[in-house]
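First comes the structure, then the notes that go with it.
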There are 2 protein chains.
Amino acid sequence: MADKEPKFTRDLPESRRRQLIEATARSLARYGLDGTTVRVVAAEAGVSPGLVRHHFAGMHDLIAETYRWTGKEVEKALRAALSAAPNSPEGQLRAFVDASFSAPMLDPDLLGVWLTFWSLTRTDPEIHAIHGKVYADYRRRLQMHIGGIAEERRLDLDARLAALAFTALLDGLWLEHCLDPTTFTAVEARQIAHDWVDNLKAGRFMATARAEIVTPAQAKAG
Amino acid sequence: MADKEPKFTRDLPESRRRQLIEATARSLARYGLDGTTVRVVAAEAGVSPGLVRHHFAGMHDLIAETYRWTGKEVEKALRAALSAAPNSPEGQLRAFVDASFSAPMLDPDLLGVWLTFWSLTRTDPEIHAIHGKVYADYRRRLQMHIGGIAEERRLDLDARLAALAFTALLDGLWLEHCLDPTTFTAVEARQIAHDWVDNLKAGRFMATARAEIVTPAQAKAG
DNA sequence: TTAAGTATTATACATACGTACAATAGTACT
DNA sequence: AGTACTATTGTACGTATGTATAATACTTAA
């Protein structure tokens, strides 16, 4: 009957902030933006509602912080996969594909979080700015590897346009697979993405369109 | 000083319902799901808040109804573009690409509405069901045309997988263009999508992967 | 012109939200 | 052991939400 257990335990601000951020991510995924309230997040983190305002300027700030954190978390996972892969442009691109449709990226909750942020991008200037930064990094890296392949193989291609196409394909596959995983499997998504890289290597990206500039062609369809 | 103007004008339920639905779509696009309240929608439609509950079971019902309406509206626009195009599989596919990156589809507000629904898909069973129906129709039509091209040209390809890839590419391009139109133009999106069709016609979809099954290949990257 | 029907308004109500603030109590340091 | 610090709690407040309901008045038909 000596020492009763404490009502709560203290924690370092940095640690507590991350707990709240992770709780927010879980809540966004499960209950959506509507369902993500101060009280829900606090309960999810196992603390009292008042603590949120002690560590963050407000609910809005907490959500913006959660975006930054999630973006970094994804980047970290991808970076890890890339560092374990061959250092060639193709090796990196292949690893990127595999990582995009593997463990941490396939978490259905991740899409839930991401959709919320995409929505907010249209309304909220702060979120919009964060979005721009996250995506610029993402595309720049892909474009670099695609440019590397083009150089190796002396292909005449628009690396920027190819990166746009590849990004769109990956995002589209990821989006639709997460929205309804019963439609197609992650393995099929990987196959499709790898096939795109196969065609890129073979110099088939925008090959027909370029040929038609050199040799004006007849009507395409009819 | 004879007849004073009426405080309000009556309307047929069907007409009023559509006004409220359109107001909801505008609100979702501009203010997001959070900002779309009974009072905001009513003000947007120019009626009193109470009228919403008279024509719909509740706010939730109005939003679900708005999803159905938006889905049909998009389908109507695409269908119009397709009926004006050549009736060949390729003609239809080309028209689909052009329509996907033309006038009504490029409305930034449309993405705003769509993102909201994608978010809700994860939380709300009713919205999830509507989503399944909308996308099944969408994919089925594309798969039909892709299958048609394969048949015409005697290509050995998995039409289902090709339709998945094409859908993902279109959705990804559309999503990213609408999220930030400064990154690339609608014309570039069209070019990329048409190039995919070019490669499909040439029998290059999944061609490398199939060849490797017949002739086991060496390691892909290193 | 009158009357019936109902689309429409206006108000009221319970609930849940974000925020503010004072009280509490773990924790580290002397 | 005592003390200062502050992370943490608990409660209270104003506001905005969705819904319910009664009163109003436009519109059609007799």
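Just so it is clear, the model here is predicted, and its values are computed rather than measured. Within every chain, numbering begins at 1; the chains are lettered A, B, ... in the order of the sequence lines, protein sequences first and strands thereafter.
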- request: Round to the nearest Å and state the distance from L33(A) atom CG to dC17(C) atom C1'.
  value: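 Those two atoms, CG and C1', are 13 Å apart.
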
query: dT17(D) C1' sits how many Å from D34(A) CG, rounded?
result: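 Whole-Å distance recorded here is 11 Å.
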
Nearest listed nucleotide, side chain of [X], among [options]:
{"X": "M59(A)", "options": "dG18(C), dT8(C), dG26(C)", "result": "dG18(C)"}
{"X": "L51(B)", "options": "dT27(D), dA7(C), dT27(C)", "result": "dA7(C)"}
{"X": "R39(A)", "options": "dT17(D), dA12(D), dT8(C)", "result": "dA12(D)"}
{"X": "K7(B)", "options": "dT19(D), dC26(D), dG26(C)", "result": "dC26(D)"}
{"X": "S48(A)", "options": "dA25(C), dG10(D), dT8(C)", "result": "dG10(D)"}
{"X": "R53(B)", "options": "dA20(D), dT8(C), dT19(D)", "result": "dA20(D)"}

Using a cut-off of strictly less than 4.0 Å, decide whether [X] has a side-chain nitrogen or oxygen near OP1 or OP2 of [N].
{"X": "R16(B)", "N": "dT8(C)", "value": "yes"}
{"X": "H54(A)", "N": "dT9(D)", "value": "no"}
{"X": "T37(B)", "N": "dT17(D)", "value": "yes"}

message: Test side chain to side chain donor-acceptor pair (under 3.5 Å) on D124(B) and Y67(B); report intermediate values, then the result.
response: CA-CA 12 Å; D124(B) 188 319; Y67(B) 192 2; over 6 Å; no

- request: Indicate, with yes or no, if the rings of F101(A) and W174(A) have centres closer together than 6.0 Å.
  value: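 That pair fails the under 6.0 Å test.
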
- request: Starting from the 5' end of DNA chain D, give me the residue, V38(B) or T9(B), whose nearest nucleotide shows up first.
  value: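 Residue closer to the 5' terminus by nearest nucleotide: V38(B).
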
query: Does a donor on one side chain sit under 3.5 Å from an acceptor on the other, for H128(A) and D180(B)?
result: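 Note: H128(A) and D180(B) side chains miss the donor-acceptor criterion.
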
No-hydrogen, no-angle side-chain donor-acceptor test under 3.5 Å, Q19(A) and S15(A):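 Result is yes, a qualifying pair exists.
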
